Amino acid sequence: MQKNSQFSLFSQRRFAPFFWTQFLGALNDNVFKTALLTILTYDALSWTEMDPGLLNNLIPGLFILPFFLFSATSGQLADKLEKGRVARFVKLLEIVIMGIAAYGWMTHHLWLLIAAVVGMGIHSTLFGPVKYAYLPQQLKREELIGGNGLIEMGTFVGILLGEILGAVLVVHKPWGLQLVAGVTIGIAVLGWLASLRIPLSPAPAPELRVNWNPFTETVRNLGFSRRNRPVFLSLLGNSWFWFYGAIMLAQFPVYAKNYLHGDHSVFVLLLAVFSVGIGVGSLLCERLSGHKVEIGLVPFGSIGLSVFGLELYFASQAYVTPAAMLDLGGFLAHGGSWRILGDCLGIGLFGGLYIVPLFALIQTRCDPAHVSRTIAGMNIMNSLFMVVSALVAMVMLKSGMTIPQIFLATAIMNGVVAVYIFSLVPEFLIRFLAWLLIHTFYRVRIVNGQAIPDQGAAVLVCNHVSYVDAIAIMAASPRPVRFVMDYQIFRIPVMAWLFRNVRAIPIAPVKADPWLTEKAFVDIAQALHEGELVCIFPEGKLTRDGELNPFRGGVQKIIDRSPVPVVPLALRGLWGSLFSRDPSNPVTRTFRRGLFSRLELVAGEPIPAEQVSPELLQEKVRELRGDWK
């Protein structure tokens with residue numbers, strides 16, 4: 001079945017008005033903040049005697065402080081109220097805040113502008129839970145990765161354009177301040193107009209009683225989020241990304257001026273390249289994930305964040321600071337500049353690959369009636385991590401660390417945190433290994449994948465061709481799968497770790513271990529009772545000639561105990577691969593087939609429990625496989 005491109009969402013009212021509303025909000029935030037940071041970096045003495053380096057870390061910290069204080073309340077409002085109504089209110093508030101900021105620009109009043117920074121933080125706090133709770137309400141499950149990718153791309157393109165526009169406008173003589181004031185008010189009005197077209201999005205919990213105490217509600221909200229371990233750890237992973245990004249980006253203005261010896265256009269270029277990377281990475285998620293929520297991309301993104309963070313440190317050390325201040329053209333012509341830009345692009349790209357699947361996992365695995373409050377809980381943690389990041393950066397600067405050394409320390413911290421999170425939730429790492437396998441050795445095509453149910457219990461049955469069958473199915477499934485595996489596999493060290501962490505169910509022949517056999521059927525029944533997917537290979541052993549072995553009666557016993565639908569699957573193209581039992585020379589057949597050989601997983605329509613028999617299932621799997629082994 002042909003899936004539409006994610007870009008087709010732009011032609012649909014359920015997505016486009018909301019996209020432009022959030023895009024214009026991100027644009028305006030960054031026109032305003034970048035204009036303020038630029039003027040304070042390059043014309044500080046006209047505004048304040050405070051250290052520009054401290055202000056560059058303080059102002060982003062003040063912007064995200066309202067997330068910590070008011071996210072719990074905004075999450076309740078987003079669950080209780082219709083989301084289009086909340087969006088329209090937020091956009092009107094933005095117009096008022098930009099009016100106050102305009103007065104601050106005209107009167108040269110720094111603290112009034114800083115108050116507007118806090119106001120825009122409140123604006124974003126109110127819109128945040130709506131932003132990510134709206135998508136699962138309006139988009140299909142298979143559209144979520146693409147939709148989230150577009151939202152992230154739009155957010156960072158908005159950031160990019162806002163940073164460029166803010167930095168360019170504010171230094172325009174003699175009308176820079178007036179231009180910033182007028183443009184920010186105009187963008188706010190456009191955002192409000194776009195919000196008028198957002199379709200009705202009914203409140204999931206209209207009966208909710210709002211707790212107006214932000215502190216007790218924050219504690220309660222975080223406590224609720226902790227009940228779902230994968231979701232909570234995904235929230236932590238998301239917050240860590242904002243810690244990482246906040247530290248790195250906050251250093252860019254002074255890094256561009258003092259280390260690269262560039263004018264404000266060089267600072268804008270660094271931000272632009274980083275934002276382009278985020279946008280590209282976000283859009284790549286849909287293609288790399290195959291239109292499903294693929295959390296295996298998260299470790300991939302995390303590895304890239306550390307690698308390019310370390311490389312940015314080494315590139316900075318190798319950069320020879322010029323004697324004269326460089327403009328954009330001079331910087332691009334200077335030795336080492338392209339290496340630094342490549343590192344900024346890499347950090348952004350892998351950041352997009354990291355963050356988009358995390359958002360999609362949170363949206364699909366948390367309680368639908370509590371999505372906004374879960375997102376609010378995430379914003380609370382994000383804000384806490386970003387406030388801490390500002391404090392950590394200021395401490396590192398005060399302790400005498402250089403900005404390249406801060407890049408190095410952040411990249412190392414990212415590696416440590418990644419190892420910790422993935423050790424707590426091995427599913428991320430296992431999905432990454434599965435994704436890596438089917439994107440290095442094979443080119444995998446999934447046929448009729450929508451037959452695998454998005455929710456509810458079902459048994460998957462498949463032909464058993466190779467040692468990587470379970471990994472191929474795991475990588476193709478939109479949901480976690482519990483595999484029923486031969487107990488002897490659990491005696492092999494690496495395989496034991498792998499299958500225990502995907503919660504595979506060991507089974508033994510009755511003659512070998514009758515207790516383990518019975519326990520396996522009890523565990524299968526329990527998994528199906530809890531609405532999970534269970535996959536078995538009814539042949540009970542790998543094929544030695546590429547043909548199907550007779551299906552055994554275990555599947556009938558499972559269905560007799562737990563009458564759920566059965567989805568037949570067929571793997572095509574694995575016979576003769578390195579991982580099969582083809583008797584020919586493994587080296588010869590590997591080179592004969594070549595890397596990236598084709599592989600298909602074909603799903604048949606679910607079979608009702610009352611029609612299931614081993615013979616019928618074997619016939620269905622044979623039909624799905626066809627002549628291609």
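What you see below is based on every heavy atom in this structure, not just the backbone, and it leaves out hydrogens, waters and symmetry mates. Computed from a predicted structure; not experimentally measured.
Ser302 contributes no side-chain N or O that, together with a main-chain N or O of Pro299, makes up a donor-acceptor pair within less than 3.5 Å. Without hydrogens or angle criteria, Glu94 side chain to Ser124 main chain gives no donor-acceptor distance under 3.5 Å. At distances below 3.5 Å, at least one donor-acceptor pair connects side-chain atoms of Lys80 with backbone N or O atoms of Pro206. For Asn28 (side chain) and Ile187 (main-chain N/O), no donor-acceptor pair under 3.5 Å exists by modelled atom type. Looking at Glu82, its side chain does come within 3.5 Å of a backbone N or O of Gly84 through a donor-acceptor pair.
Atom CZ of Phe331 and atom CG of Leu270 lie 5.5 Å apart (nearest 0.5 Å). Residue His123 holds its NE2 atom at 7.0 Å from CD1 of Ile97, rounded to the nearest 0.5 Å. To the nearest 0.5 angstrom, Thr34 atom OG1 is 11.0 Å from Leu169 atom CG. Here the straight-line distance linking atom CE of Met106 with atom CG of Leu177 works out to 5.5 Å at 0.5 Å rounding. Note that CG of Leu345 and CD1 of Ile340 are 14.0 Å apart. Values are rounded to the nearest 0.5 Å. Distance CZ/Arg88 to CG/Leu93: 15.5 Å, rounded to 0.5 Å.
Crowding of Arg85 atom CZ: a count of heavy atoms from other residues, nucleotides or ligands under 6.0 Å not exceeding 12. With a 6.0 Å radius and a threshold of 12 heavy atoms from other residues, nucleotides or ligands, Tyr259 has its OH atom above the threshold. Within a 6.0 Å radius of CZ in Arg197, no more than 12 heavy atoms belonging to other residues, nucleotides or ligands are found.
Minimum interatomic distance between Ser74 and Thr125 (heavy atoms only, all atoms of both residues): OG-O, 3.1 Å. Heavy-atom minimum distance, Ala87 versus Ile198: CB-CD1, 3.8 Å. Across every non-hydrogen atom of Ile406 and Ala393, the tightest pair is CD1-O, 4.4 Å. In this structure, Gln138 and Ser201 approach most closely via the heavy-atom pair NE2-OG, 3.0 Å. Summarising the geometry of Phe252 relative to Cys344, their closest heavy-atom pair is CZ-SG, 4.0 Å, with the distance given to 0.1 Å. Minimum heavy-atom separation, Ala411 to Ser306: O-OG, 3.0 Å.
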Test log, rule side-chain hydrogen bond (donor to acceptor under 3.5 Å, both in side chains), inputs Asn211 and Gln76: CA-CA 8 Å; Asn211 176 10; Gln76 294 177 89; 5.5 Å; no

Audit row: Thr73, Leu126, side chain to side chain contact (heavy atoms under 4.5 Å, CB included) steps and yes/no: CA-CA 8 Å; Thr73 303; Leu126 293 173; over 6 Å; no

Test side chain to side chain contact (heavy atoms under 4.5 Å, CB included) applied to Ile151 and Phe15, step by step: CA-CA 10 Å; Ile151 289 291; Phe15 181 80; 4.2 Å; yes

Trace of the side chain to side chain contact (heavy atoms under 4.5 Å, CB included) decision for Ile114 with Trp111: CA-CA 5 Å; Ile114 290 177; Trp111 290 105; 3.4 Å; yes

Chi angles and distances behind the side chain to side chain contact (heavy atoms under 4.5 Å, CB included) call for Ser275, Val157: CA-CA 6 Å; Ser275 299; Val157 168; over 6 Å; no

Candidate pair Phe267 and Tyr255, rule ring pair (Phe, Tyr, Trp, His ring centres under 6.0 Å), full reasoning: CA-CA 8 Å; Phe267 159 56; Tyr255 176 66; over 10 Å; no

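In this structure, the side chains of Phe350 and Leu353 come closer than 4.5 Å at one or more pairs of heavy atoms. Contact of the Tyr103 side chain with the Leu112 side chain is registered, since non-hydrogen atoms from C-beta on lie closer than 4.5 Å. Inter-residue side-chain proximity for Leu27 and Leu24 is flagged as met; some heavy-atom pair is nearer than 4.5 Å. Under the 4.5 Å side-chain criterion, counting only non-hydrogen atoms from C-beta, Met120 is not in contact with Lys33. Within the 4.5 Å cutoff, the side chain of Leu139 has heavy atoms near those of the Leu9 side chain. Between Leu271 and Ile164, every side-chain heavy-atom pair lies at or beyond the 4.5 Å cut-off. In this structure the side chain of Trp20 never reaches within 4.5 angstrom of the side chain of Leu190, judged on heavy atoms. The shortest side-chain heavy-atom distance between Leu161 and Phe23 falls under the 4.5 Å cut-off.
Geometric assessment of Lys83 against the ring of Phe18 yields a negative cation-pi assignment under the 6.0 Å and 45° thresholds.
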Side-chain donor-acceptor contacts of residues 236-250 below 3.5 Å, not counting sequence neighbours, with atom names and distances?
from   : atom 1 : to     : atom 2 : distance (Å)
Asn238 : OD1    : Trp242 : NE1    : 3.3
Asn238 : OD1    : Asn382 : ND2    : 3.3
Ser239 : OG     : Leu235 : O      : 3.1
Ser239 : OG     : Asn382 : N      : 3.2
Ser239 : OG     : Asn382 : OD1    : 2.7
Trp240 : NE1    : Asn414 : OD1    : 2.8
Tyr244 : OH     : Leu305 : O      : 2.7

